Amino acid sequence: MLSMKNKYKYRSRITEAKFMEILRLICIDISAVKVSKLTRISRVTINNIFDKLSVLIALKCEEESPLKNGGREFDECYFESKRLRGKRG
């Protein structure tokens, strides 16, 4: 049996240390292009990791949300009228 290179991503050719470096760079809000240049991993691979992480984060946030039962919270700016031409502000 082959040893696992990365316990966080199944069948990954990225080592665990490199994956953790990618996570650190994502956490400090660096763009995917810069992350790919810093880690020397393809931009497409970095984008796939970004997409999968954002889905997992969204699911976790929805799971822990205090607004269960389909309740949603909206900001009042969604209900205001559109800006009129010629009016300031």
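Small disclaimer: the values here were computed from a predicted structure and weren't measured. The first residue in the sequence is number 1, and the count goes up from there.
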- Item | Any donor-acceptor pair under 3.5 Å from T45 side chain to I41 backbone | no
- Message: Distance check, rounded to the nearest 0.5 Å: L56 atom CG versus C61 atom SG?
- Response: 11.0 Å
- Message: Minimum heavy-atom separation for I14 and F19, please, with both atom names.
- Response: CG2-N, 3.8 Å
- Task: Working to the nearest 0.5 Å, report the span between CD1 of I57 and CD1 of I26.
- Result: 8.0 Å
- Can you tell me how far the CG atom of L38 sits from the CD1 atom of I46, to the nearest 0.5 Å? 9.5 Å
- Just how far is it from atom OG1 of T39 to atom NZ of K34, taken to the nearest 0.5 Å? 14.0 Å
- Task: Hey, could you give me the OG1/CE distance between T15 and M20, rounded to the nearest 0.5 Å?
- Result: 11.0 Å
- Query: Which atoms form the tightest heavy-atom contact between S36 and S42, and what is the distance?
  - Reply: CB-C, 4.1 Å
- Is there a chain of hydrophobic side chains (I, L, V, M, F, W, Y, each step under 4.5 Å between heavy atoms) that links L53 to V33? no
- Task: Using a strict 4.0 Å threshold on nitrogen-to-oxygen distance, state whether E63 and K60 make a salt bridge.
- Result: yes
- Item | Straight-line distance of K52 NZ to N47 CG, nearest 0.5 Å | 12.0 Å
- Message: Quick check: is I28 connected to I49 through a chain of hydrophobic side chains (ILVMFWY, heavy atoms under 4.5 Å apart)?
- Response: yes
